[in-house]
Amino acid sequence: MERVVLIRYGEIYLKGQNRPYFERALYDNIRKALAEFPGIRVTRAQGRFYAENYKDEAAVLQALQKVFGLVSVSPAYKVGKDFETLFEYSKKIMTDQLSLLQGREILTFKVESRRSDKKYPMNSMEINREMGGRLLEAVPGLKVDVHHPDVVLNIEIRESGYLYHEILPCAGGMPVGTSGKAVLLLSGGIDSPVAGYMIAKRGVALSAVHFHSFPYTSDRSREKVIDLCRILTRYCGAIRLHVVPFTRIQQELYKKCPDSQLTVLMRCYMMKIAEAVARSEEAAALVTGESIGQVASQTMDSLAVTNAAVSMPVFRPLIGFDKVDIVNVSKKIETYETSILPYEDCCTVFTPRHPVTHPRLEKILESEKRINGEELIQEAVANIEVIGIRPGRNRF
Ligand code: ATP
Ligand code: MG
């Protein structure tokens with residue numbers, strides 16, 4: 001007997017000739033997500049993956065549930081196919097489940113079996129009936145309920161026998177890396193990590209850019225962004241985080257441009273620098289955590305101006321989300337607690353008292369000319385600090 005995890009993936013994106021490509025990517029991503037479990041073995045057979053040879057099953061399951069492209073996982077017993085062995089472990093599963101019942105005395109169940117080994121002497125109906133009957137006889141407290149059972153005992157007969165009673169949902173989506181690469185503008189806030197998660201879910205690999213304003217922003221706020229990246233890597237795989245020194249540009253804008261336009265102008269420069277990073281990372285798009293109307297810099301007019309600052313497509317997956325919805329996702333993906341740590345952000349340092357809410361592009365372009373933009377961008381890019389962050393390391 002061995003414990004294994006059955007790993008199922010969706011069929012929808014496995015279109016014809018792309019199948020081996022997606023399966024390969026998924027295999028690689030599973031391996032990377034499980035890199036921290038020494039000795040673990042991942043194999044593929046008959047349209048699913050198996051993980052074997054591990055100690056901490058709960059941790060393995062948790063890591064797998066975050067891999068995009070997977071549909072569900074089941075922790076299982078891998079045993080011999082002969083009926084007596086299957087019965088022995090079925091009995092064990094049902095007895096264990098019964099012992100978890102608190103106060104109740106009856107556990108309802110049904111047996112669901114499948115066999116891909118057509119030479120097996122019993123068909124699935126016969127296995128269901130025989131196993132159900134034998135369990136009822138052997139384990140007091142069980143009762144069959146085919147409609148709403150407490151426990152569905154799954155029996156699969158393949159090259160071995162597999163027994164399990166749990167089907168745990170995974171993150172869905174598509175394997176990261178199969179849809180190209182984008183650069184995420186990652187602040188320390190709630191929204192941008194969620195935006196990155198959503199784009200990665202569609203199979204896009206991420207690099208991240210963070211702007212910081214040393215000495216106005218502290219090392220702690222930089223660490224916070226590294227922590228957010230680390231959480232995101234559980235879903236997105238490795239991320240190269242680019243930390244951009246932004247103070248010079250902010251100071252120049254502050255000195256030379258109208259106060260009310262500061263936020264929009266800063267956004268434009270963030271976009272331009274992110275675009276330069278995207279080119280060097282061979283990424284094809286930018287991603288932000290903006291949604292319409294959330295703050296002054298996120299009106300449609302402001303978004304139009306920041307779009308015009310770059311030629312690359314800018315994806316804003318949260319565009320139609322209310323804040324509460326974003327917060328809910330952020331809690332689900334476990335970035336929330338880190339996002340709400342109260343460290344200063346580079347934008348709050350230079351926030352205008354009365355920001356324009358409906359900036360006109362001509363005016364912004366005019367203001368932009370007041371600083372030596374090209375040179376400042378080059379300087380910022382030349383001083384970028386790149387931090388490679390991998391899943392599974394330095395977990396907290
Ligand atoms: P978030 O919660 O992501 O910070 P927000 O609602 O606070 O979003 P803003 O601060 O206006 O919104 O920022 C809008 C978007 O601009 C962010 O979602 C992010 O993509 C980008 N952004 C803002 N500040 C930074 C920064 N310091 N570094 C990188 N990107 C940033
Ligand atoms: Mg913010």
Side-chain angles (χ1 to χ4, degrees), residues 1-9 30 34 37 39-65 70-170:
M1 183 281 291
E2 223 186 318
R3 287 296 285 178
V4 300
V5 180
L6 314 186
I7 306 170
R8 304 179 190 85
Y9 50 94
I30 292 171
L34 298 178
F37 301 96
I40 198 163
R41 219 170 30 246
V42 180
T43 51
R44 186 168 67 81
Q46 297 171 326
R48 63 162 73 146
F49 294 99
Y50 296 87
E52 298 170 76
N53 199 35
Y54 50 76
K55 289 201 182 71
D56 189 346
E57 186 167 275
V60 169
L61 291 169
Q62 268 188 22
L64 286 169
Q65 283 183 285
L70 297 183
V71 170
S72 65
V73 285
S74 292
Y77 288 108
K78 180 180 179 183
V79 298
K81 289 194 275 191
D82 63 284
F83 194 85
E84 285 315 309
T85 310
L86 292 172
F87 173 59
E88 192 186 319
Y89 282 95
S90 297
K91 206 164 66 179
K92 176 167 171 41
I93 289 177
M94 297 316 298
T95 316
D96 288 348
Q97 289 305 302
L98 258 168
S99 72
L100 297 176
L101 280 185
Q102 284 166 343
R104 276 166 55 203
E105 275 154 27
I106 297 289
L107 183 74
T108 61
F109 80 109
K110 77 168 168 180
V111 180
E112 242 176 50
S113 58
R114 263 168 304 251
R115 48 161 206 167
S116 60
D117 173 4
K118 299 295 175 203
K119 289 200 216 94
Y120 199 71
M122 300 160 87
N123 67 26
S124 38
M125 290 293 284
E126 288 164 346
I127 299 169
N128 292 348
R129 210 175 314 125
E130 180 71 15
M131 188 63 80
R134 293 276 301 271
L135 286 169
L136 281 174
E137 252 169 48
V139 186
L142 290 184
K143 195 176 152 218
V144 171
D145 180 344
V146 289
H147 300 297
H148 305 286
D150 299 321
V151 175
V152 178
L153 174 67
N154 289 274
I155 303 177
E156 293 189 8
I157 316 244
R158 298 176 172 234
E159 77 303 337
S160 301
Y162 294 91
L163 293 160
Y164 58 90
H165 70 281
E166 281 179 300
I167 300 178
L168 309 168
C170 294

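This structure is a prediction, so every number in the text was calculated from the model and none was measured.
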Apply the test side chain to side chain donor-acceptor pair (under 3.5 Å) to residues S72 and R8: give CA-CA distance (whole Å), side-chain angles for both, the deciding distance (0.1 Å), then the verdict. CA-CA 5 Å; S72 65; R8 304 179 190 85; 3.0 Å; yes
Would you call K91 and L135 a side-chain contact if the rule is heavy atoms closer than 4.5 Å? yes
S116 side chain reached by Q46 side chain, heavy atoms, under 4.5 Å: yes
To the nearest 0.5 Å, how far apart are CG in L107 and CG in L98? 5.0 Å
If every non-hydrogen atom of S124 is compared with every non-hydrogen atom of S113, which pair is closest and at what distance? O-OG, 3.0 Å
Basic-acidic side-chain contact under 4.0 Å: E84, R134: yes
Which heavy-atom pair separates P140 from A138 by the least distance, and what is that distance? CD-O, 3.5 Å
Quick one: are L86 and I127 in side-chain contact, heavy atoms under 4.5 Å? no
State the CG-CE distance between N128 and M122, to the nearest 0.5 angstrom. 9.0 Å
Passing candidate, salt bridge (charged side-chain N to carboxylate O under 4.0 Å, His left out) with E156, options K78, K81, R48: R48
Can you tell me how far OH of Y164 sits from CZ of R3, rounded to the nearest 0.5 angstrom? 12.5 Å
Do N154 and S74 make a side-chain contact, defined as non-hydrogen atoms from C-beta onward lying under 4.5 Å apart? no
Hey, could you give me the CE/CG distance between M94 and L153, rounded to the nearest 0.5 Å? 6.0 Å
Is there a side-chain contact between I7 and Y9 (heavy atoms, below 4.5 Å)? no
From CA spacing to verdict: side-chain contact (heavy atoms from CB on, under 4.5 Å), L163, I155: CA-CA 5 Å; L163 293 160; I155 303 177; 3.5 Å; yes
Quick one: are Y50 and R41 in side-chain contact, heavy atoms under 4.5 Å? no
Spacing of L100 atom CG and D150 atom CG [to the nearest 0.5 Å]: 11.5 Å
If you look at every heavy atom in R158 and A45, which pair is closest and at what distance? NH1-O, 4.4 Å
So among V151, V139, L142, which one has a side chain to side chain contact (heavy atoms under 4.5 Å, CB included) with Q97? V151
K92: which residues meet the side chain to side chain contact (heavy atoms under 4.5 Å, CB included) condition with it, sequence neighbours left out? Y77, Y89, D96
Taking C-beta and beyond as the side chain, do L64 and L168 meet within less than 4.5 Å on heavy atoms? no
Can any side-chain N or O of E105 pair as donor or acceptor with the backbone N or O of G141 at less than 3.5 Å? no
Verdict with reasoning, F37 to K55, per side-chain contact (heavy atoms from CB on, under 4.5 Å): CA-CA 8 Å; F37 301 96; K55 289 201 182 71; over 6 Å; no
Is the closest side-chain heavy-atom distance between F49 and V5 below 4.5 Å? no
Tell me whether R115 forms a cation-pi arrangement with Y120, defined as NZ or CZ under 6.0 Å from the six-membered ring centre and within 45 degrees of its axis. no
